[in-house]
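What follows is a structure written as structure tokens; I'll ask about it next.
These values consider heavy atoms only, across backbone and side chains, with no hydrogens, waters or symmetry-generated copies. All values derive from a computational prediction rather than experimental measurement.
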Amino acid sequence: MTYPTLHARAEAKLFEHRSCLTPTTVKKLLAAGYPVLVERSSTNPDLDRIFKDEEFEQAGATLVDEGSWKNAPNDRIIIGLKELPEEEHPLEHTFVHFAHCYKQQGGWETVLARFPRGGGVLYDLEFLQDESGRRVAAFGYHAGFVGAALAIKTWAWQLTHPNGEPLPGIETFTDGRGYYNNETELLTQLKEDVAAGEKISGHKPTSLVLGALGRCGSGAVDLLEKIGCPEIKKWDLPETKSRDGPYPEILESDIFVNCIYLSKPIPPFVDQKSLQKEGRKLSVVCDVSCDTTNPHNPIPIYNINTTFDKPTVEVKVEGNGPRLSVISIDHLPSALPRESSEAFSNALLPSLMGLKDRDSTPVWQGAEKLFTEKVHTLPGGVPKKEV
């Protein structure tokens, strides 16, 4: 049996330190018979991969130059995490990454058309599903984990900086790196934050996590429990299906973490009118779901995505009550790149093992079928392969 060569490319999206393959999964793929090449980590510090080149080399991978996938033989499978740079040249290989072009996002036609123009194929990581229709790998757990962490940090910051200074960028707390080396480093820092906030307020923060039974919500709950803040309202469908929002219980907690997947229009969970009620405790909202521009956004109290260098946006609320900050970062797992990459890559591994039989493996069959369907929606029809 012939095993396709897997070529892990260096990431090109700024501030992305995660990796689709890790030394752990590379070692297992090599043991199974797959040749694995790994591009050296970018020399750009804003693209520095959390796993060093030596870690991949020690796992047995062959290191190759950054960007060498462009001139690699066409039978290699090019594996990455985030989308490719916005360029025009046709793509000839089989690619595995998040392309963000299947939901008609801005510029989707140009991104998607590059594949048929070169005879290439896209297996989009966002749409890899098992036979039950469940995604085989996702970053949801660590999105919730990091979202809750930043919510805690914001709560403590508000108390220790009562003059209204916004929470500074994450690089302030990570020696300029912009990400945490590991979970232990993050948890140690958060426990100190909680202690500082408790000293001023007299209590540890209370939280309400909506979507608590999902991947994202379970990550948020785990974070809060690990740092010793177990007073959590864990809400999911049973708590919301019998009545519509806004929900006054959200206002009764210091922190609200939204982890629901918005699939249809729903009444808001909290809105400007509900925020004006007397007795509001709520001072931090972390909208992990980030449906910021969706007209049915269930948290219509803000309208911008925040970033790791500016993590919060302040919400003006009439009347009395604490200041209110919203966190709406759409790539939260990047703040904890080692653990989030390991979890994602290990979840993806069983599917990667099936790449040698991808023409008869449901995950890859479904991914290619979806790719073909999306290509046929391109304006003007399917582009001809360029010679």
Side-chain angles (χ1 to χ4, degrees), residues 1-13 16-44 47-85 91-99 115 118 120-128 135-139 333-334 337-365 367-368 371:
M1 178 177 294
T2 301
Y3 287 74
T5 297
L6 309 183
H7 185 125
R9 61 177 173 83
E11 294 299 319
K13 186 178 179 68
E16 185 54 77
H17 307 285
R18 293 173 293 174
S19 177
C20 188
L21 296 186
T22 71
T24 302
T25 52
V26 162
K27 189 173 184 178
K28 293 177 181 177
L29 287 164
L30 287 165
Y34 286 93
V36 182
L37 309 179
V38 176
E39 291 187 2
R40 292 179 176 84
S41 183
S42 177
T43 54
N44 183 341
L47 292 168
D48 187 23
R49 186 172 53 213
I50 188 64
F51 302 101
K52 304 306 178 188
D53 294 346
E54 306 82 67
E55 294 181 71
F56 282 107
E57 200 165 33
Q58 290 168 6
T62 301
L63 294 182
V64 293
D65 290 340
E66 178 184 357
S68 58
W69 67 266
K70 296 178 182 179
N71 299 312
N74 288 355
D75 59 354
R76 287 186 190 171
I77 297 177
I78 311 302
I79 298 179
L81 190 67
K82 302 301 288 184
E83 64 269 25
L84 294 167
L91 297 169
E92 303 175 355
H93 299 85
T94 295
F95 292 83
V96 179
H97 63 257
F98 288 102
F115 297 93
V121 174
L122 169 65
Y123 294 137
D124 196 305
L125 287 168
E126 185 178 354
F127 300 92
L128 294 186
R135 284 183 62 179
V136 299
F139 280 99
S334 297
R338 182 172 290 272
E339 283 86 352
S340 62
S341 295
E342 286 285 17
F344 181 86
S345 194
N346 275 287
L348 183 63
L349 182 62
S351 299
L352 293 175
M353 290 290 191
L355 279 170
K356 66 182 186 302
D357 303 310
R358 61 187 182 277
D359 292 339
S360 58
T361 301
V363 168
W364 303 110
Q365 282 180 318
E368 186 156 357
F371 166 72

task = Drop me the distance from K82's NZ to S334's OG, to the nearest 0.5 angstrom.
result =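 Here the interatomic distance stands at 7.0 Å.
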message = Give me the atom names and distance for the closest heavy-atom approach of L81 to R9.
response =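 Smallest interatomic distance, heavy atoms only, reads N-NH2, 4.2 Å.
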Donor on one side chain, acceptor on other, E11 and H17, under 3.5 Å =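 Judged by distance alone, the side chains do not pair up.
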query = Quick one: are the ring centres of F115 and F95 less than 6.0 Å apart?
reply =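 So the answer is yes for these two rings.
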message = Whether the side chain of E92 engages the backbone of G120 through a donor-acceptor N/O pair (distance < 3.5 Å, no angle test) should be reported.
response =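 No, the answer is negative, given that no donor and acceptor are paired below the 3.5 Å cut-off.
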query = Quick one: does R76's side chain have a donor or acceptor within less than 3.5 Å of a partner on W69's backbone?
reply =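 Checked: no pair found.
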inquiry  = Between H93 and A72 (side chain of the first, backbone of the second, donor and acceptor by atom type, cut-off under 3.5 Å), is there such a pair?
reply    =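 Yes; at least one donor-acceptor contact below 3.5 Å.
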query = Do the side chains of L91 and I78 get nearer than 4.5 Å, heavy atoms only?
reply =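 No, too far: nothing below the 4.5 Å cut-off.
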ask   = Looking at side-chain heavy atoms only, is the closest gap between L355 and T94 below 4.5 Å?
value =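 L355 vs T94: side chains apart.
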query = For L349, does its backbone N or O pair with a side-chain atom of T25 as donor and acceptor, under 3.5 Å?
reply =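 The answer is no, because no donor-acceptor pair under 3.5 Å joins these two groups.
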request  = Mind checking the CG-CG spacing from L29 to L6? Nearest 0.5 Å is all I need.
outcome  =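 That separation rounds to 6.0 Å.
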message = Which heavy atom of P4 sits nearest to which heavy atom of P35, and what is that distance?
response =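 Taking P4 first and P35 second, the nearest heavy atoms are O-CD, 3.7 Å.
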ask   = Got a donor-acceptor contact below 3.5 angstrom from the Y123 side chain to the L128 backbone?
value =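 Checking the backbone N and O of L128 against the side chain of Y123, no donor-acceptor pair under 3.5 Å is found.
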Minimum heavy-atom distance G60-L30, with the two atoms named =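 Minimum heavy-atom contact is C-CD1, 3.4 Å.
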Separation of D53 CG from Q58 CD (nearest 0.5 Å) =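 So the CD of Q58 and the CG of D53 are separated by 11.0 Å.
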task = Please report the C-alpha distance between K52 and S41 in whole Å, then the side-chain angles of each, then the deciding distance to 0.1 Å, and finally whether the side-chain contact (heavy atoms from CB on, under 4.5 Å) criterion is met.
result = CA-CA 7 Å; K52 304 306 178 188; S41 183; over 6 Å; no
query = Taking all atoms of both residues into account, what is the closest heavy-atom pair of P337 and S341, and its distance?
reply =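 Taking every non-hydrogen atom into account, O-OG, 2.7 Å.
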task = Could you walk me through whether V121 and W364 pass the side-chain contact (heavy atoms from CB on, under 4.5 Å) test, one step at a time?
result = CA-CA 11 Å; V121 174; W364 303 110; over 6 Å; no
task = State whether the number of non-hydrogen atoms from other residues, nucleotides or ligands found under 6.0 Å of K27 atom NZ is greater than 12.
result =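 Not buried by this count: 12 neighbours or fewer within 6.0 Å.
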key: Shortest non-hydrogen contact from E39 toward G67   =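 The pair with the smallest heavy-atom distance is OE1-N, 2.7 Å.
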ask   = Quick one: are Y34 and I77 in side-chain contact, heavy atoms under 4.5 Å?
value =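 With C-beta onward as the side chain, the pair stays apart.
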key: Expected output: side-chain E126 to main-chain F98 donor-acceptor under 3.5 Å   =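 The answer is no, because no donor-acceptor pair under 3.5 Å joins these two groups.
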key: Closest approach of S340 to R18 (non-hydrogen atoms, all atoms of both residues)   =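 Answer, listing the atom of S340 first, then R18: OG-CD, 3.5 Å.
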side-chain contact (heavy atoms from CB on, under 4.5 Å) assessment of L122 paired with H97 = CA-CA 8 Å; L122 169 65; H97 63 257; 3.9 Å; yes
task = With rounding to the nearest 0.5 Å, note down the distance linking NE2 in H7 to CG in D75.
result =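 Answer for the NE2-CG pair, H7 versus D75, is 12.5 Å.
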message = Testing K28, R49, E342 one by one against T22 for a side chain to side chain donor-acceptor pair (under 3.5 Å), which residue passes?
response =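 Considering K28, R49, E342, a side chain to side chain donor-acceptor pair (under 3.5 Å) with T22 is found only for E342.
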ask   = Distance-only, no hydrogens or angles: does the S345 side chain make a donor-acceptor pair with backbone N or O of C20 under 3.5 Å?
value =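 Here the side-chain-to-backbone pair exists.
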inquiry  = Check whether S42 reaches the backbone of N44 with its side chain - one donor and one acceptor, N or O, closer than 3.5 Å.
reply    =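 Indeed, once roles are kept as given, a pair shorter than 3.5 Å links the two residues.
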Flag side-chain contact, heavy atom, 4.5 Å: S19 against F56 =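 Contact flag for S19/F56 side chains = yes.
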query = Checking side-chain contact (heavy atoms from CB on, under 4.5 Å) for the pair V26/F51: CA distance, chi angles, key distance, verdict?
reply = CA-CA 12 Å; V26 162; F51 302 101; over 6 Å; no
Interatomic spacing from CD in E55 to OG1 in T24 - rounded to 0.5 Å =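 Nearest 0.5 Å value for the CD-OG1 distance: 9.0 Å.
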